[in-house]
Amino acid sequence: MNLPYKAIVFFLLILVTSLFPIYSFGQATRNDSGLKDYYRDYFPIGVAVTAKQLADSDQQNFILTHFNSLTAENAMKMGPIHPKENLFFWKDTDAIVAFAQKHNLKVRGHNLCWHNQAPKWMFYDEFGKLVSKEVLLQRLKDHIYAVVGRYRGQIYAWDVVNEAVSDEPDQLLRNSLWYQICGEDFIYKAFQYAHEADPKAILFYNDYNTENPVKRQLIYKLLKKMRDNGVPVHAIGLQAHWSFNDPSQERLESTIKLFTSLGLKIQITELDVSIYADGNLQDKTVPVSILTAEREQQQAEQYSMIFKVFRKYKKYINGVTFWNLSDKYSWLDNFPVRGRKNYPLLFDTQLKPKKPIGA
Ligand code: GLA
């Protein structure tokens, strides 16, 4: 090889090597040092999204830089995807799943059976009377077969039942229409139908306040009964709508240990860390406050603690998903106090990373 030829080959080699990370992922502006890359040896890092966000190139790039798993914020819920008995609205979920397939991202299905965002037609007959248990279970089965069946092999995990356990200490299950019509059977049946529709999918029971010692005991009781009776529940989703001061490390670790003692895998399915101290169950009339430097620091410390715990239990935790992308928009902006802004995520309103998470 003469010298100019060698030089050309060398130049081409450098060029190809420098382009490789760009073209290998099909995204011209994507880099590979996002959040997901720091956690590659631990677990996938997911985010709740809308189909609209995925159609916006700036948000696409941001998502592809930091996340390697998607959850539909609303699109797959029963009401949005199955608004009438004989009508499914697939468009948004199809778009989310297609985006994930194209970019090699995981998709968690959320969710198949919940007391909220369920369509009214599901529970009533044409005269406006509540349907029988047989009718409701048949409708649930048809729903689950249709949705899980359509995305079999593309959605690797499903939140089968969401929030069925009560917040009252002396009551196991929430008094929802599901419960009023079917008793606890709707839970077992939902898991059975989902397993039949996609035997390979990992099936989750998903709930909030799972670190609360009273509620987690109720959830444990339900899940133990299901495991003992061979109901195909494989994992628990800790929603993780947390606060800067809650849960404590002790509560978080004891929760993880409690559920893994049942042989269940764990995912953190809806993570955010509110800058306010009002949890789901507490006073909704707290005064409006703003993000102070002190509160920002407390939030950073809380994030640091919880990720330290996640890393410690990586053997059991096989996914961590954030609920929304950045502080630009969070479902907590108006909840539980209307008109109050929250800043619960790792990226600020300009989509810039907040303080680094400590090692
Ligand atoms: C629950 C649900 C989520 C979402 C949040 C609030 O945690 O599981 O799907 O609706 O409430 O946004």
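Any value given below was found using the heavy atoms of this structure, including those in side chains, with hydrogens, waters and symmetry copies removed. Owing to the predicted nature of the structure, the values given are computational and were not obtained by experimental measurement. Read the numbers this way: they start at 1 and go in the same order the structure lists the ligands and their atoms.
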Asks: Tell me yes or no: between the side chains of E163 and Q239, is some donor less than 3.5 Å from an acceptor?
Replies: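 Checked: E163/Q239 side chains pair up, N/O donor to acceptor below 3.5 Å.
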
Asks: Look at the aromatic rings of F62 and F67 and report parallel, tilted or perpendicular, splitting at 30° and 60°.
Replies: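 F62 and F67: perpendicular rings.
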
Asks: Count the heavy atoms belonging to other residues, nucleotides or ligands that lie under 6.0 Å from NZ of K77, then report whether that count exceeds 12.
Replies: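 Count over threshold, so yes.
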
Asks: Applying side-chain hydrogen bond (donor to acceptor under 3.5 Å, both in side chains) to W331 and E73, what does each step give before you reach the verdict?
Replies: CA-CA 10 Å; W331 73 286; E73 183 175 5; over 6 Å; no

Asks: Taking the cut-offs as 6.0 angstrom to the six-membered ring centre and 45 degrees off its axis, would you call K106 and Y156 a cation-pi pair?
Replies: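 Output yes; distance and angle both within limits.
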
Asks: For each nitrogen or oxygen atom of ligand 1, which protein N/O atoms lie closer than 3.5 Å, and how far apart are they, rounded to 0.1 Å?
Replies:
unit_1   : atom_1 : unit_2 : atom_2 : d
ligand 1 : 7 (O)  : Q239   : OE1    : 2.8
ligand 1 : 7 (O)  : Q239   : NE2    : 3.4
ligand 1 : 7 (O)  : H241   : NE2    : 3.2
ligand 1 : 7 (O)  : E270   : OE1    : 2.5
ligand 1 : 8 (O)  : H110   : NE2    : 3.4
ligand 1 : 8 (O)  : N162   : ND2    : 2.9
ligand 1 : 8 (O)  : Q239   : NE2    : 3.4
ligand 1 : 8 (O)  : E270   : OE1    : 3.3
ligand 1 : 8 (O)  : E270   : OE2    : 2.8
ligand 1 : 9 (O)  : K77    : NZ     : 2.8
ligand 1 : 9 (O)  : H110   : NE2    : 2.5
ligand 1 : 10 (O) : K77    : NZ     : 2.9
ligand 1 : 12 (O) : W323   : NE1    : 3.4

Asks: Return each pair, listed once, that meets side chain to side chain donor-acceptor pair (under 3.5 Å) where at least one residue sits in residues 121-136; pairs must be two or more places apart or across chains.
Replies: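 Qualifying pairs, neighbours excluded: K133-D185.
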
